[in-house]
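Some notes on the structure that comes next.
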Amino acid sequence: MAIENVYGPNDNVFVQDHPLIQHKITMLRDKSTGTNEFRKLVEEIAILIGFEALHDLPTEDVEVETPIETCMSPMISGRKIAIVPILRAGLGMVGGITALVPSAKIGHIGMYRDEETHEPHEYYCKLPSPIEERTIVVVDPMLATGGSASDALNLIKERGGKNIKFLCIIAAPEGIKRLHEDHPDVQIYVGHVDRELNSAAYICPGLGDAGDRIFGTK
Ligand code: PRP
Ligand code: URA
């Protein structure tokens, strides 16, 4: 899968330019895409981004008996995975990551943005333990100002989380910069970087309010 490291070879920001991801993001953007299709697309894109983001999971050889003979063959080893969606919209990506790693445990972080100040507010945090021993995959389709994601990563780190990846579908340049500066140790995987934020801190051209489009609310 083609991947572009936007800030340089040693940085932790990876933007994916695979045509399947870009095609599906275009369908997501379309305001005539309904809730059912929107949900399916978010999950499919999560699979495609997650596949690449998990490329460095450690494996160990185990013995397996095939119908022909016994051999050694790799399986995922070591640290177990925790998926942590940022509520609400992050929930839409969970099914995509569990399709890849069905045994993953799932935590939840509840965040909402104040409509006036655009500042994030935490309302829930429950993480699987021992969180410090897991590879933690934080998912949220939208990275706008970066405030929600940055605060979510702070919460995870305060509870001992160390090995963290953040996956989003669309990011504003401002959000990537903020998140990367606040958490340079976290690998950030992005489906597409859009032009800018507008005065309401919405991503342009973006796809509107991801939570409302996933859950059919307004
Ligand atoms: C959206 C989105 C992110 C956040 C991004 O959630 O899912 O969590 O905004 O914005 P930021 O980068 O400027 O913090 P929202 O607050 O709308 O909540 P919702 O998912 O419950 O709709
Ligand atoms: N949250 C969204 O759902 N969309 C945006 O454009 C910005 C934040």
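Order of listing sets the numbers, starting from 1, for every ligand and every atom in it.
- Of the candidates Ile86, Asp151, Thr145, Asp151 is the only one forming a side-chain contact (heavy atoms from CB on, under 4.5 Å) with Pro120.
- Heavy atoms of Ala144 found under 4.0 angstrom from ligand 1 belong to the backbone as well as the side chain.
- Judged by distance alone, the side chain of Arg39 and the main-chain N or O of Gly92 form no donor-acceptor pair under 3.5 Å.
- In this structure, the separation between CD1 on Ile203 and CG on Asp209 is 10.5 Å, given to the nearest 0.5 Å.
- Close approach of ligand 2 to Gly208 (heavy-atom distance below 4.0 Å) involves ligand atoms 2 (C), 3 (O), 4 (N), 5 (C), 6 (O).
- Residue-level proximity to ligand 1 for Thr145 is carried by backbone and side chain together, each with a heavy atom below 4.0 angstrom.
- The closest approach between any non-hydrogen atom of Arg113 and ligand 2 is below 4.0 Å.
- Asp114 contributes no side-chain N or O that, together with a main-chain N or O of Glu119, makes up a donor-acceptor pair within less than 3.5 Å.
- Near Ala144, meaning under 4.0 Å from one of its heavy atoms, ligand 2 places the atoms 7 (C), 8 (C).
- In this structure, His118 does not count as a contact residue of ligand 1, since none of its heavy atoms falls inside 4.0 Å of the ligand.
- Checking only distances, Gly211 never comes within under 3.5 Å of ligand 2, N or O to N or O.
- Glu44 is linked by a salt bridge (Lys or Arg N to Asp or Glu O under 4.0 Å) to Lys24, counting only residues two or more places apart in sequence or in another chain.
- Checking side-chain atoms of Asn198 against main-chain N and O of Ala200 turns up a donor-acceptor pair under 3.5 Å.
- A donor-acceptor pair is defined here as one N or O able to donate and one able to accept, closer than 3.5 Å; no such pair exists between the side chain of Arg113 and the backbone of Gly147.
- Tyr202 CD2, 3.4 Å is the protein heavy atom nearest to atom 5 (C) of ligand 2.
- Closest heavy-atom approach to atom 14 (O) of ligand 1 among the candidates Gly92, Cys168, Ser148, Ala89: Ser148.
- For Gln22 (side chain) and Gly191 (main-chain N/O), a donor-acceptor pair under 3.5 Å exists by modelled atom type.
- With hydrophobic clusters built from ILVMFWY side chains whose heavy atoms lie under 4.5 angstrom apart, Tyr202 does not share a cluster with Ile169.
- For ligand 1, the atoms sitting less than 4.0 Å from at least one non-hydrogen atom of Tyr112 are 16 (O), numbered in the order shown with element in parentheses.
- Below 4.0 Å from some heavy atom of Ala201 lie the following atoms of ligand 2, by number and element: 7 (C).
- Here the heavy atom of the protein found nearest to atom 8 (O) of ligand 1 is Asp140 OD2, 2.4 Å.
- For atom 18 (O) of ligand 1, the closest non-hydrogen atom on the protein side is Met111 O, 3.9 Å.
- Closest to atom 22 (O) of ligand 1, if we only count protein heavy atoms, is Arg88 NH2, 2.9 Å.
- Regarding atom 17 (O) of ligand 1, its nearest protein heavy-atom neighbour is Asp209 OD2, 4.0 Å.
- Under the 4.5 Å side-chain contact rule for hydrophobic residues, Ile49 and Leu20 share a cluster.
- Look at Gly146 and you'll find a heavy atom under 4.0 Å from some atom of ligand 1.
- Under the 4.0 Å distance rule, the nearest protein heavy atom to atom 1 (C) of ligand 1 falls outside the cut-off.
- For Arg213 (side chain) and Leu207 (main-chain N/O), a donor-acceptor pair under 3.5 Å exists by modelled atom type.
- Under 4.0 Å from ligand 1, not a single heavy atom of Asp212 appears.
- Salt-bridge check for Asp194 with Arg29: passed, with a basic side-chain N closer than 4.0 Å to an acidic carboxylate O.
- Distance from atom 6 (O) of ligand 2 to its nearest protein heavy atom, with residue and atom name: Ile203 N, 2.8 Å.
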Pair up each side-chain donor or acceptor in residues 96-112 with any protein partner under 3.5 Å, not counting sequence neighbours, and list the distances.
residue: Thr98; atom: OG1; partner: Val94; partner atom: O; Å: 3.2
residue: Thr98; atom: OG1; partner: Gly95; partner atom: O; Å: 3.2

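- Nearest to atom 1 (N) of ligand 2 among the protein's heavy atoms is Met142 CB, 4.0 Å.
- For ligand 2, one of its N or O atoms has an N or O atom of Ala210 under 3.5 Å away.
- For atom 6 (O) of ligand 1, the nearest protein heavy atom lies 4.0 Å or farther away.
- Met72 CE: more than 12 foreign heavy atoms inside a 6.0 Å radius.
- With hydrogens left out, the protein atom closest to atom 16 (O) of ligand 1 is Arg113 N, 2.9 Å, a heavy atom.
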